[in-house]
Amino acid sequence: MAVLLGITVLLFDWYAVAAVLGTVAFAFFVRNPVIGVYLTTVLLLVIGGASGIIGTLVPGMPIPVTLAKVSGAVTLAAWALHTLVRREPIRINVSLALLLAFFAWTALGLALRESWQQQIPEWLRLGNVVAFFVVSVHLLNTRERIHTYVTLVCYCGLAMAAMANIQYFVPALHFGPEQFAELGERAREGAFVDPEQLDTGPAVRVTGTAGHSNWLAMGLLVILPLNLYWFRYARTNTGKALAVVATILELSALVFTFTRTGFIAGMAAIALIIVTRQMKINPYRLSALAVAALIAFFLLPAQYRERVFDPASYDRSSSISHRFQLQQSAWQTWTENPVLGAGLGGFGMELVEQDYEVSMISQWFVAAQGWNPIHFGAHNMYLHLLAEAGIVGLFLLMAFLFYTIRGIRRVEHRLHAEGDDQGAALCAALFVSLMTFLVCCFVLHALHQKIWWMLAAAATVIIMYGLPKTADHGRPAPKA
């Protein structure tokens with residue numbers, strides 16, 4: 001292999017090395033395609049920002065090629081060949097059918113747009129996550145694989161939080177608006193010094209490996225409920241200790257994002273954990289929790305207390321007024337095309353043509369900073385989907401999520417009745433994570449965020465297969 005690599009470097013430069021390594025990886029993935037799912041998951045969650053970009057797919061088109069996309073493409077091809085050779089069936093349940101219908105509907109809406117060529121990168125982004133979802137559903141088909149996958153996501157959460165804490169405490173990784181404009185994507189690997197006026201000084205908002213504080217907060221919020229499962233069923237004391245460390249780091253990273261969303265959705269997640277009985281509450285624990293919350297409040301950074309708990313900060317925050325304008329814009333865009341919507345990426349195209357204050361700001365970012373309007377979001381996934389996919393698209397995606405969440409809840413009840421405490425705990429954790437995601441969607445346009453697709457895939461697997469100890473594609477899961 002060393003000789004082969006040396007010859008290829010001399011003859012064809014480093015592109016040949018990538019080709020040889022890709023061929024070796026493909027051969028390995030064909031034998032063990034689930035390894036590709038694990039690797040792609042780590043690359044998606046941990047290798048974020050500009051560090052993961054290795055090129056562009058089409059010159060002149062904003063479709064970056066990343067390490068995660070390469071790994072995902074190899075995994076998809078390996079799974080397809082593996083399935084063909086072994087003649088394994090393709091499984092489709094109601095959840096998957098609804099998702100595929102949504103994907104097809106967005107294709108129709110995009111095809112009828114005059115600006116479809118400019119908007120198509122957003123549809124291709126959706127295609128990436130849908131393809132990864134389909135592959136994951138077919139490969140995470142045993143109890144052991146699902147346990148490994150969920151634990152792997154928890155480890156990724158630990159890495160994300162560790163990076164976020166480093167960003168906060170290392171001044172060299174603090175970037176203001178001017179540095180963001182100068183460094184571009186590279187600045188997303190550091191913390192953003194928010195210029196929003198606070199009496200206590202600017203907030204240093206970490207991004208971890210997510211590229212933005214809002215996306216980091218959402219990712220941590222949906223991973224945190226999984227830590228309870230990780231702690232309870234870790235096979236070693238080291239694993240349990242890491243689950244505790246991960247939780248502490250993730251909570252501190254969540255604070256360092258300085259997002260109001262993090263606090264609101266975090267409270268919703270705690271309520272869901274209590275309702276689903278993942279954590280038993282008694283007077284002693286309740287008292288300890290109250291004392292811990294009181295101490296934590298006074299340990300919070302002053303900027304966090306002002307930004308999240310001071311009502312006056314909400315009145316003078318331009319970000320809140322701009323979000324309302326974005327949502328008004330999304331509603332206006334939907335009313336102009338209520339059935340098909342403006343196509344994926346179309347909201348931003350319409351926004352810059354409207355006369356809101358935030359439209360003028362968006363026009364400046366497009367003209368002066370070279371931002372692509374297809375990436376602008378409404379800060380509300382439900383309104384964003386209405387604007388871009390119409391009422392039919394919103395219905396299809398919500399039906400997919402409803403069926404998945406209802407299904408995982410029903411499986412949890414069945415496993416609990418059967419005495420399978422570990423399986424029930426896993427289902428409960430996924431239920432809380434997905435419900436927390438839905439809460440986040442009231443203030444974030446999170447359709448393309450990978451973390452929720454990963455957890456929805458794990459939930460769909462459990463609904464389709466149950467939690468079998470060995471792979472059995474032909475046996476349907478028991479009725480939930």
What heavy-atom pair brings [X] and [Y] nearest, and what distance separates the two atoms?
X      : Y      : result
Ala234 : Gly239 : CB-C, 3.7 Å
Thr259 : Ser213 : CG2-O, 4.1 Å
Gly219 : Ile451 : CA-CG2, 4.2 Å
Ala217 : Thr257 : CB-OG1, 3.9 Å
Leu254 : Leu221 : CD2-CD2, 3.7 Å
Ser95  : Thr404 : OG-OG1, 2.9 Å

If only atom types and distance count, is the side chain of [X] paired as donor or acceptor with the main-chain N or O of [Y] below 3.5 Å?
X      : Y      : answer
Ser359 : Leu351 : yes
Gln167 : Leu173 : no
Trp452 : Leu447 : yes
Asp194 : Ala203 : no
Gln119 : Ala342 : yes
Arg260 : Arg307 : yes
Asn380 : Leu383 : yes
Gln449 : Trp215 : no
Thr207 : Gly190 : yes
His416 : Ala424 : no

Does atom CZ of Phe324 have more than 12 heavy-atom neighbours, drawn from other residues, nucleotides or ligands, at distances under 6.0 Å?
no
Under the rule for ring-ring contact (aromatic ring centres under 6.0 Å, His included), what residues qualify as partners of [X], not counting sequence neighbours?
X      : result
Phe365 : Trp371
Trp364 : none
Phe256 : Tyr168, Phe169

Write out all pairs satisfying salt bridge (Lys or Arg N to Asp or Glu O under 4.0 Å) with one or both partners inside [range], taking only residues at least two apart or from two chains.
range            : result
residues 351-364 : none
residues 422-434 : none
residues 120-139 : Glu122-Arg125

State, with a plain yes or no, whether a side-chain heavy atom of [X] is found less than 4.5 Å away from one of [Y].
X      : Y      : result
Pro301 : Val255 : yes
His379 : Asn214 : yes
Leu242 : Phe231 : no
Leu67  : Val70  : no
Thr436 : Met218 : no
Thr151 : Tyr233 : no
Ile405 : Phe437 : no
Glu350 : Glu336 : yes

Could you walk me through whether Ile361 and His322 satisfy the side chain to side chain contact (heavy atoms under 4.5 Å, CB included) test, starting with their C-alpha distance in whole Å, then the side-chain angles of each, then the deciding distance to 0.1 Å, before giving a yes or no?
CA-CA 10 Å; Ile361 296 172; His322 289 162; 3.4 Å; yes
Going by side-chain contact (heavy atoms from CB on, under 4.5 Å), name the residues that satisfy it together with [X], two or more places apart in sequence or in a different chain.
X      : answer
Leu294 : Phe298
Ala302 : Thr200, Arg305
Asn337 : Leu340
Ala73  : none

Candidate pair Leu444 and Met381, rule side chain to side chain contact (heavy atoms under 4.5 Å, CB included), full reasoning:
CA-CA 6 Å; Leu444 296 174; Met381 191 181 81; over 6 Å; no
Donor-acceptor list for residues 222-229 side chains, cut-off 3.5 Å, not counting sequence neighbours:
residue, atom, partner, partner atom, Å
Asn227, ND2, Thr247, OG1, 3.2
Asn227, ND2, Glu250, OE1, 2.8
Tyr229, OH, His147, ND1, 2.8
Tyr229, OH, Gln422, NE2, 3.1

With no hydrogens and no angle check, do the side chains of Ser329 and Gln354 hold a donor and an acceptor under 3.5 Å apart?
yes
Distance-only check: which donor-acceptor pairs under 3.5 Å involve side-chain atoms of residues 386-402, not counting sequence neighbours?
residue, atom, partner, partner atom, Å
Glu388, OE1, Gly345, N, 3.2
Glu388, OE1, His384, NE2, 3.2
Glu388, OE2, Gly345, N, 3.1
Glu388, OE2, Gly346, N, 3.4
Glu388, OE2, Phe347, N, 3.1
Glu388, OE2, His384, NE2, 3.2

Side chain to side chain contact (heavy atoms under 4.5 Å, CB included) evaluation trace for Leu126 with Phe102:
CA-CA 10 Å; Leu126 178 64; Phe102 169 73; 3.8 Å; yes
How far apart are the C-alpha atoms of Tyr38 and Thr148, what are their side-chain angles, what is the distance that settles it, and do they pass the side chain to side chain donor-acceptor pair (under 3.5 Å) test?
CA-CA 9 Å; Tyr38 298 153; Thr148 300; 4.5 Å; no
Assess the residue pair Val206 and Phe192 against the criterion (side chain to side chain contact (heavy atoms under 4.5 Å, CB included)); give the C-alpha distance rounded to whole Å, side-chain angles, the decisive distance to 0.1 Å, and a yes or no.
CA-CA 6 Å; Val206 300; Phe192 177 59; over 6 Å; no
